[in-house]
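Scroll down for the structure; my scribbles are underneath it.
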Amino acid sequence: MVIGCAIEVHRRLGPGLLESTYEACLARELNLANIPHQRQVALPVNYRGISVDCAYRIDLLVAGKLLLELKSVESVLPIHEAQIITYLKLADLRQGLLINFNVRLLKNGIKSFLN
């Protein structure tokens with residue numbers, strides 16, 4: 001259902017917009033589908049017994065289980081993949097989707113990751 005919502009956003013808007021635009025519109029689609037989610041969830045780093053707020057944020061957290069990292073870039077780089085893997089570990093989540101909206105067909109911009 002989440003991927004369907006992302007496809008609907010991409011179908012209506014196409015590529016070439018800012019990541020923040022896709023995030024707001026995907027949040028709207030998730031609302032319309034009654035899918036619980038949170039935007040811009042703070043992600044502290046726990047280091048040697050203290051919580052360090054480094055301003056990391058999860059773009060969208062769906063049902064407290066699925067991390068969505070959104071991009072609008074020419075191509076997904078290894079650093080983008082490392083980012084979502086690290087976010088999954090920090091948040092102690094099992095699954096995440098890296099969604100790059102800056103592609104002609106959104107199915108080519110979605111990659112699933114497991115922790």
Side-chain angles (χ1 to χ4, degrees):
M1 289 179 65
V2 172
I3 291 173
C5 289
I7 289 171
E8 180 63 16
V9 169
H10 191 266
R11 186 184 71 74
R12 289 176 177 266
L13 298 178
L17 300 174
L18 294 173
E19 176 185 315
S20 58
T21 303
Y22 295 113
E23 180 185 320
C25 294
L26 181 52
R28 176 67 178 143
E29 284 297 326
L30 293 170
N31 280 334
L32 291 172
N34 294 315
I35 298 172
H37 65 281
Q38 297 169 276
R39 286 179 66 188
Q40 292 298 310
V41 177
L43 186 59
V45 174
N46 292 311
Y47 182 77
R48 299 187 81 136
I50 64 165
S51 180
V52 180
D53 184 4
C54 301
Y56 293 116
R57 303 254 176 232
I58 296 171
D59 291 335
L60 287 161
L61 181 60
V62 179
K65 296 179 183 179
L66 178 65
L67 184 150
L68 301 183
E69 180 59 33
L70 308 182
K71 299 293 180 198
S72 183
V73 294
E74 186 174 331
S75 63
V76 172
L77 300 174
I79 191 67
H80 300 129
E81 295 180 355
Q83 178 186 15
I84 190 169
I85 291 166
T86 299
Y87 281 15
L88 286 169
K89 290 177 185 176
L90 290 173
D92 196 28
L93 295 170
R94 179 159 163 34
Q95 186 174 15
L97 295 176
L98 178 59
I99 304 175
N100 181 20
F101 282 92
N102 199 30
V103 291
R104 281 184 44 106
L105 291 172
L106 191 64
K107 71 177 186 172
N108 297 329
I110 300 173
K111 188 167 182 182
S112 180
F113 291 83
L114 294 175
N115 180 18

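Small disclaimer: the values here were computed from a predicted structure and weren't measured.
- A single hydrophobic cluster is not seen to contain both Ile35 and Leu61; linkage of ILVMFWY side chains at heavy-atom distances under 4.5 Å, directly or through other members, places them apart.
- Put simply, the side chain of Ile99 reaches to within 4.5 Å of the side chain of Leu70, judged on heavy atoms.
- Atoms OH and CG, from Tyr87 and Asn115 in turn, are 15.0 Å apart once rounded to the nearest 0.5 Å.
- Applying the 6.0 Å contact sphere to OH of Tyr56 captures no more than 12 heavy atoms from other residues, nucleotides or ligands.
- Using a 4.5 Å cut-off between side-chain heavy atoms of Ile, Leu, Val, Met, Phe, Trp and Tyr, with links allowed through other members, Leu106 and Val62 fall into the same hydrophobic cluster.
- Across every non-hydrogen atom of Leu60 and Arg39, the tightest pair is CD2-CG, 3.3 Å.
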side-chain contact (heavy atoms from CB on, under 4.5 Å) evaluation trace for Gln40 with Asp59: CA-CA 5 Å; Gln40 292 298 310; Asp59 291 335; 3.4 Å; yes
Taking distance alone, no hydrogens or angles, what donor-acceptor pairs closer than 3.5 Å link side-chain atoms of residues 75-82 to residues at least two apart or in another chain?
{"residue": "His80", "atom": "ND1", "partner": "Leu77", "partner atom": "N", "Å": "2.9"}
{"residue": "Glu81", "atom": "OE2", "partner": "Lys111", "partner atom": "NZ", "Å": "3.0"}

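- The structure places NE2 of His10 at 9.5 Å from CG of Leu17, a figure rounded to the nearest 0.5 Å.
- Of the listed residues (Leu66, Leu97, Ile84), just one forms a side-chain contact (heavy atoms from CB on, under 4.5 Å) with Ser112, and that residue is Leu97.
- Proximity of His37 to Asn31: side-chain heavy atoms (C-beta onward) are separated by under 4.5 Å at one or more points.
- Within 6.0 Å of the CG atom in Asp92, the count of heavy atoms belonging to other residues, nucleotides or ligands does not exceed 12.
- The structure places CD of Glu23 at 9.0 Å from CD of Glu69, a figure rounded to the nearest 0.5 Å.
- Taking both residues in full, the closest heavy atoms of Lys71 and Leu98 are given as CG-CD1, 3.8 Å, listed atom of the first, atom of the second, then distance.
- Neither Leu68 nor Leu90 shares a network with the other; the hydrophobic side chains, linked directly or stepwise wherever heavy atoms of I, L, V, M, F, W or Y lie under 4.5 Å apart, form separate groups for each.
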What pairs of donor and acceptor atoms, side-chain ones from residues 1-9 against any protein atom, are under 3.5 angstrom apart with sequence neighbours left out?
{"residue": "Glu8", "atom": "OE1", "partner": "Arg11", "partner atom": "NE", "Å": "3.2"}
{"residue": "Glu8", "atom": "OE1", "partner": "Arg11", "partner atom": "NH2", "Å": "3.4"}
{"residue": "Glu8", "atom": "OE2", "partner": "Arg11", "partner atom": "NH2", "Å": "2.8"}
{"residue": "Glu8", "atom": "OE2", "partner": "Arg12", "partner atom": "NE", "Å": "2.5"}
{"residue": "Glu8", "atom": "OE2", "partner": "Arg12", "partner atom": "NH2", "Å": "3.3"}

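- Crowding of Arg94 atom CZ: a count of heavy atoms from other residues, nucleotides or ligands under 6.0 Å not exceeding 12.
- Of the inter-residue distances, the one linking Leu67 atom CG with Leu88 atom CG reads 5.0 Å to the nearest 0.5 angstrom.
- Side-chain heavy atoms closer than 4.5 Å link hydrophobic residues (I, L, V, M, F, W, Y) into clusters, and following such links, possibly through other members, connects Val45 to Val41.
- Taking 4.5 Å as the limit, every side-chain heavy atom of Thr86 sits out of range of all side-chain heavy atoms of Lys89.
- Between Val103 and Pro15, every side-chain heavy-atom pair lies at or beyond the 4.5 Å cut-off.
- Here OG1 of Thr21 is found 12.0 Å from CG of Leu26. Values are rounded to the nearest 0.5 Å.
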